There are 2 protein chains.
Amino acid sequence: MNPNKATPITKEKIVSASWDLLRSDGIENFTMRKLAKQLDIKAASLYWHFPSKQNIFQYLANEIAKKVLLSVRNEEDWKAALYQFGMHFREQLEKYPCSAQLMMQTLPSEPEYLALINAMLIIVDPLPLSDRDKFSAIACMLNYVLSFELDRHQQKKVNLAMQQDGMEHVQKQSANAMDHLPDHVADPLRRMHRNQIFSELGSISMFQTGLTILISGIEQLSLARREDDVGHMA
Amino acid sequence: MNPNKATPITKEKIVSASWDLLRSDGIENFTMRKLAKQLDIKAASLYWHFPSKQNIFQYLANEIAKKVLLSVRNEEDWKAALYQFGMHFREQLEKYPCSAQLMMQTLPSEPEYLALINAMLIIVDPLPLSDRDKFSAIACMLNYVLSFELDRHQQKKVNLAMQQDGMEHVQKQSANAMDHLPDHVADPLRRMHRNQIFSELGSISMFQTGLTILISGIEQLSLARREDDVGHMA
DNA sequence: ACCTGAACACCGTTCAAGT
DNA sequence: ACCTGAACACCGTTCAAGT
């Protein structure tokens with residue numbers, strides 16, 4: 001029907017269609033056949049441009065990493081730098097559909113992803129910490145940012161389902177489960193549910209709180225390790 | 001062939017076979033047909049006991065949560081309590097195959113999962129923090145523990161692949177990517193790679209470092225918020 | 001109550017064959 | 001160089017029919 005001779009499919013076109021498909025159908029419903037249909041080609045043709053579906057996902061994850069790296073700015077002290085990095089990172093993740101899933105199911109073997117980790121390590125490199133501690137610290141950060149976006153994404157889906165159903169079963173399910181918690185025990189969770197804390201779940205201010213916890217935790221760790229050193233010298 | 005009349009399949013048997021299948025094949029290769037074969041029944045029969053594959057996963061995730069709750073002990077101060085909680089949580093996650101994947105792709109709607117979150121909230125409830133801050137803090141913790149186990153799991157797979165291949169392409173892939181990092185910039189990542197930091201990736205001591213960061217970060221946050229209060233009063 | 005055969009509507013991937 | 005038809009070897013799930 002459409003031999004596409006005039007305008008052959010390119011890697012870029014496939015990538016762009018992939019973003020569209022992720023946005024409309026989610027990563028769990030992303031199929032090669034749907035992707036091909038969107039491009040007016042057959043699924044088999046995709047394999048001339050990419051070796052596998054997994055490889056497309058890796059490419060997309062790497063594109064996100066590349067974008068995050070662009071927005072990295074130099075900062076005076078490491079705390080501000082780490083904070084800005086986290087904020088920019090989250091901002092970029094929010095722009096791309098299924099960004100957190102893409103980066104989590106891709107191990108960091110792509111160059112830009114590694115460069116991203118390297119950029120974070122550079123920030124904490126001047127701290128009086130062992131390499132193992134530095135690595136632990138930035139792994140914490142990375143996982144935090146990704147998990148946060150993942151949770152936000154899931155929360156959005158739950159909210160959507162609640163709207164569509166007139167919050168029939170989704171809301172009820174968690175509300176019921178909440179009611180069946182033991183009564184004889186303090187239950188901050190139920191209190192928070194009453195106070196609608198859950199609706200704020202993916203908010204920026206919550207993100208900032210976690211970021212603050214991590215950064216001042218890292219600061220405390222380097223203070224503690226420094227004391228260890230002093231102890232050793234004495 | 002085997003009508004199983006003497007010993008009908010029970011929910012427990014399906015669950016037990018599911019753990020076996022997860023351990024041997026991983027969550028990505030877990031199929032209803034394989035699960036049925038292991039129980040000497042047909043895939044369709046599983047749907048009399050469980051409404052869906054997803055529901056089996058939810059059940060398994062809930063089983064993990066139940067087990068973690070059992071190992072929660074009372075502690076004098078909140079820092080020790082949170083630390084012990086994290087350590088026990090990670091310990092249980094290590095025992096079950098694909099535990100982190102199961103808990104991450106299940107939103108916390110099951111009763112035991114909610115009880116788990118509640119148990120964590122109880123620990124931080126006495127702190128001088130807003131409910132929003134408390135929730136942020138334990139979301140941090142939860143995500144940290146799950147992400148850590150997830151990373152450990154992936155790292156184990158990478159190591160296995162390296163052994164089987166005689167580290168042909170996996171090692172090379174990341175080593176090459178490492179070599180192509182820009183040279184004109186500080187590269188702590190390459191230094192750490194040389195110093196074999198990566199092989200320690202899922203170790204308990206690394207886990208403890210992250211846990212320490214989080215807990216002292218939460219402590220600092222409550223100190224800061226307390227100062228805010230004092231400021232308001234003045 | 002519990003299980004199966006057979007089907008439905010899909011998957012990712014391969015590959016000889018086309019242009 | 002780029003694409004397709006047709007197939008392979010699978011999926012999760014349903015449901016009438018069996019015992």
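The shown structure was predicted, so the numbers you read here are calculated from the model rather than taken from an experiment. Each chain gets a letter, A, B and so on, in the order its sequence line appears, and its residues count up from 1. Below, all heavy atoms of this structure are taken into account, side chains as well, without hydrogens, waters or symmetry copies.
In this entry the distance linking CD1 of A:I41 with C1' of D:dC3 reads 8 Å, nearest Å. Rounding to whole angstrom units, NZ of residue A:K37 and P of D:dT4 are separated by 13 Å. As rounded to whole Å, 11 Å separates atom C1' of C:dC11 from atom NZ of A:K34. Across the protein-nucleic acid pair, B:E28 atom CD and D:dC10 atom P stand 17 Å apart, rounded to whole Å. Between B:D40 atom CG and C:dT4 atom P the separation is 9 Å, expressed in whole Å. What separates CG of B:L46 from P of D:dG12 is a distance of 10 Å, to the nearest Å. The nearest whole Å value for the distance from the NE2 atom in B:H49 to the P atom in C:dC2 is 7 Å. A straight line from CZ of A:F50 to C1' of D:dC3 spans 16 Å, rounded to a whole angstrom.
A salt bridge between B:E149 and B:R152 is present, with a side-chain N of the basic residue lying under 4.0 Å from a carboxylate O of the acidic one.
For DNA chain C, the stems formed by at least three consecutive Watson-Crick or G-U pairs, with both atom-pair distances below 3.5 Å, span C:4-8 with D:12-16, C:12-16 with D:4-8.
With D:dC3, C:dC3, C:dC11 as the choices, the nucleotide that has an atom nearest any side-chain atom of B:W48 turns out to be C:dC3. Here the nucleotide nearest the side chain of B:P8, chosen from C:dC3, D:dG5, C:dG5, is C:dC3.
Using P as the reference atom, C:dC10 and D:dA9 are 22 Å apart when rounded to the nearest Å.
Note on residues 23-36 of chain A: pairs passing salt bridge (Lys or Arg N to Asp or Glu O under 4.0 Å), not counting sequence neighbours, are A:D25-A:K34, A:E28-A:K157. The list of salt bridge (Lys or Arg N to Asp or Glu O under 4.0 Å) pairs with a residue in residues 199-208 of chain A, not counting sequence neighbours, reads A:E200-B:R132.
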Using atom names, set out every protein N or O paired with an N or O of nucleotides 13-15 of chain D below 3.5 Å, distance rounded to 0.1 Å.
unit_1 : atom_1 : unit_2 : atom_2 : d
D:dT13 : OP2    : B:Y47  : OH     : 2.6
D:dT13 : OP2    : B:K53  : N      : 3.0
D:dT13 : O5'    : B:Y47  : OH     : 3.3

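In this structure B:D133 satisfies the side chain to side chain donor-acceptor pair (under 3.5 Å) test together with B:S130, B:R225, sequence neighbours excluded. Residues forming a ring-ring contact (aromatic ring centres under 6.0 Å, His included) with B:Y96 (at least two apart in sequence, or on another chain): B:W19. Under the side chain to side chain donor-acceptor pair (under 3.5 Å) criterion, A:N195 pairs with no residue at all, not counting sequence neighbours. With sequence neighbours excluded, the residues satisfying side chain to side chain donor-acceptor pair (under 3.5 Å) with B:Q208 are B:Y83. A:E94 is linked by a side chain to side chain donor-acceptor pair (under 3.5 Å) to A:R90, counting only residues two or more places apart in sequence or in another chain.
For the pair A:K11 and A:F50, the cation-pi test (distance below 6.0 Å, angle within 45°) is passed.
A:F30 comes within contact range of the sugar-phosphate backbone alone, with a heavy-atom separation under 4.0 Å but no base atom that close.
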